[in-house]
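Have a look at the structure below, then the notes.
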Amino acid sequence: MRDEGTFRVKAGHAEMLKGGVIMDVVTPEQAVLAAAAGAAAVMALERVPADIRRDGGVARMSDPTMVRGIQEAVSIPVMAKARIGHFAEAQVLQALEVDYVDESEVLTPADDANHIDKWAYTVPFVCGATNLGEALRRIGEGAAMIRSKGEAGTGDIAEAVRHLRRIGGEIRRLRALDDAELATAAKELAAPLDLVRGVAADGKLPVVLFCAGGIASPADASLVMQLGAEGVFVGSGIFKSSDPEMRARAIVEATTHFSDPERVARASEGLGEAMDSLETRALAEGQLLAGRGW
Amino acid sequence: MDRPLVGVLALQGGFEAHSRVLRGLGAQVREVRVPGDLEGLDGLVMPGGESTVMSLGIEREGLAEPLRALAGAGTPILGTCAGLIVLDREHLGLMDLVARRNAFGRQVRSFEADLDFAGLEGGPLRAVFIRAPWIDEAGADVALLAEVDGHAVAAQQGNLLAVAFHPELDDDARVHERFLELVRGRGGA
């Protein structure tokens, strides 16, 4: 009579994160600061994406000791990343009772053809997407939440904007198609037809859509919320800035009041330096993360 | 009051799902982010989400006193999950009860169950519990309406109704209907 791990329970958790900011943290101290600043959840990592990018090499799931330390430090949800296709890392994270697993392109993919079968888990998954077909394939595999990929660790919002606009545009296009055309669209999107039909009827994804990858300022948060994101992930943008606590509070405030420019302006005042940023267009092909995943 | 105006606290959390259900039941809905949004409301919903984020937001926006005034004036309020926590003695202090956060455990322990809910006609209610609290203690003026494993998960105190689960995530709108009865009853009085 008591059912755990149903899709409604998984996707429902993402509903409760809406309008919120999920912050990358690498220590319990950072997690406490993030929670005090109003994070709706934290992502427990050994290195933020900017450092993963700098260090190179294979990026893996975090040490369980570090995940546990963060779980003990805060009462808000704790998420953690598994490599794309690395179902054993996901099993470990479920055993640790993290609240969400991010099957993430920020880590080095473990399988170049298959993502994790996310239906097999009680813990919910969030996955990245650059377009509608990718988002629906992940949902078909059991993802209970989608985030734009953006280009993590750059502080450049351009890729997140591109992904959100593409997803939004593709949804709007589906709205205009008839049933026969929807079947063709499903083929073109390489996405399950029932999910394509649902999106065409509802005008939105069947799960919550957040934005990730490149958010560094309150105005960035406002921008992506106005483009249809229902909340934001901030990776390197907070703890790589000169005043993390103030910037964290400011991004939280701008996410709540995203459609009120006066509030976003007030939140943007006197924040000090943003993170050291990289322009995505200047990166070499091999340095781009968003192309990982299939 | 054919179409009561119901506010939904929209600082963070599951406010859109509540708005959808309330509109479906014929209410007008206004998202509430600042004190001015509370003016003229016939009822208010405090949704689920993270209670820490909501408490910080209430403090930042100066909403605590206006919310107490709204409740004090007899305006019905429905709190769900984090909304229940924010209504308790240790937060806004509007209900004479103490909620225990994440009482059922982390997300992997989140669940759905059939609930016997006092006073709701039509059989058990399918209830969705997500990192849910339960009610540890309640004063004599608080009616406890449902329980899971011996822990209270729904309560009413006068014009205030609070549940530990998420009626907005289910197709069953009976909790919202009961809340709107409070709202409409007050308008007719």
Side-chain angles (χ1 to χ4, degrees), chain A residues 1-22 34-42 71 74-79 93-101 121-124 144 204 208 230-231 248-250 252-253 255-260 263 266-267, chain B residues 8-20 31-34 47-61 80-83 85 100-102 104-115 124 126-133 148-149 165-171:
Chain A
M1 103 144 226
R2 191 195 276 206
D3 297 319
E4 291 180 348
T6 62
F7 193 73
R8 188 155 53 178
V9 159
K10 294 175 175 179
H13 184 18
E15 288 281 333
M16 298 313 133
L17 297 169
K18 265 188 183 175
V21 182
I22 299 167
V42 291
Q71 285 174 315
V74 295
S75 61
I76 58 175
V78 176
M79 302 183 169
L93 294 174
Q94 173 164 289
L96 291 172
E97 299 198 350
V98 302
D99 294 293
Y100 244 93
V101 174
Y121 295 76
T122 306
V123 69
K204 63 188 286 299
V208 169
E230 297 176 292
R249 283 181 186 276
V252 169
E253 189 172 346
T255 303
T256 295
H257 297 284
F258 70 91
S259 59
D260 182 346
R263 291 297 300 264
R266 225 183 303 161
Chain B
V8 180
L9 190 68
L11 296 171
Q12 189 271 324
F15 51 91
E16 281 170 0
H18 276 291
S19 300
R20 217 162 30 238
E31 292 184 355
V32 173
R33 292 186 174 84
V34 295
E50 280 308 309
S51 60
T52 54
V53 184
M54 253 177 262
S55 297
L56 284 165
I58 286 169
E59 190 188 325
R60 184 187 66 222
E61 306 298 334
T80 63
C81 194
I85 296 169
R100 178 183 298 202
R101 286 188 66 201
N102 304 339
F104 289 98
R106 299 185 192 278
Q107 172 61 18
V108 290
R109 307 280 164 229
S110 293
F111 63 97
E112 300 180 24
D114 291 326
L115 209 61
R126 189 70 179 164
V128 180
F129 290 82
I130 297 174
R131 289 169 43 91
V148 171
D149 301 340
F165 55 92
H166 292 282
E168 77 283 8
L169 295 182
D170 196 275
D171 299 330

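It should be emphasised that the depicted structure is a prediction, and the values quoted were computed from it without experimental measurement.
Between A/Glu4 and B/Val108, every side-chain heavy-atom pair lies at or beyond the 4.5 Å cut-off. A/Val208 has its side chain out of reach of B/Glu16: every pair of non-hydrogen atoms, C-beta onward, lies at least 4.5 Å apart. No side-chain heavy atom of A/Pro77 sits under 4.5 Å from any side-chain heavy atom of B/Gln107. Looking only at side-chain heavy atoms (C-beta outward), B/Glu61 and A/His257 come within less than 4.5 Å of each other. When side chains are defined from C-beta on, A/Met16 counts as touching B/His166, because their heavy atoms get closer than 4.5 Å. Taking the side chain as every heavy atom from C-beta outward, B/Asp170 and A/Arg8 approach each other to under 4.5 Å.
The residue among B/Met54, B/Glu168, B/Glu50 with the most heavy atom pairs within less than 4.5 Å of chain A is B/Glu50. Looking only at heavy-atom pairs under 4.5 Å with chain A, the residue among B/Ala10, B/Ala113, B/Cys81 that has the most is B/Ala113. Most heavy-atom pairs under 4.5 Å with chain B, from the set A/Ala40, A/Ala11, A/Gly20: that is A/Ala40. The residue among A/Gly5, A/Pro124, A/Gly231 with the most heavy atom pairs within less than 4.5 Å of chain B is A/Pro124.
B/Leu56 touches chain A through its side chain: at least one heavy atom from C-beta onward sits under 4.5 Å away, while N, CA, C and O do not. For A/Ala14, no part lies under 4.5 angstrom from a heavy atom of chain B. Only the backbone of A/Ala39 has a heavy atom closer than 4.5 Å to any heavy atom of chain B. If you measure heavy-atom distances from A/Glu253 to chain B, the contacts under 4.5 Å come from both the backbone and the side chain. Only the backbone of A/Ala37 comes within less than 4.5 Å of a heavy atom in chain B; its side chain stays farther off.
Pairing each heavy atom of B/Arg131 with each of A/Ile76, the nearest pair is NH2-C, 3.6 Å. When all heavy atoms are compared, the tightest approach of B/Thr52 to A/Ser75 is CG2-OG, 4.2 Å. Closest approach of B/Phe104 to A/Arg2, counting heavy atoms only: CE2-NH2, 4.3 Å.
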Walk me through it: do B/Ile130 and A/Glu15 pass the test side-chain contact (heavy atoms from CB on, under 4.5 Å)?
CA-CA 10 Å; B/Ile130 297 174; A/Glu15 288 281 333; over 6 Å; no
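Here B/Arg33 does not pair with A/Asp260 in a salt bridge; the nearest charged N to carboxylate O distance is not below 4.0 Å.
Atoms CG and CG, from B/Asn102 and A/Asp99 in turn, are 8.0 Å apart once rounded to the nearest 0.5 Å. Here the CG atom belonging to A/Asp3 is positioned 5.0 Å from the CZ atom belonging to B/Arg126, to the nearest 0.5 angstrom.
For B/Ser51, the side-chain hydrogen bond (donor to acceptor under 3.5 Å, both in side chains) criterion is met by B/Arg101, not counting sequence neighbours.
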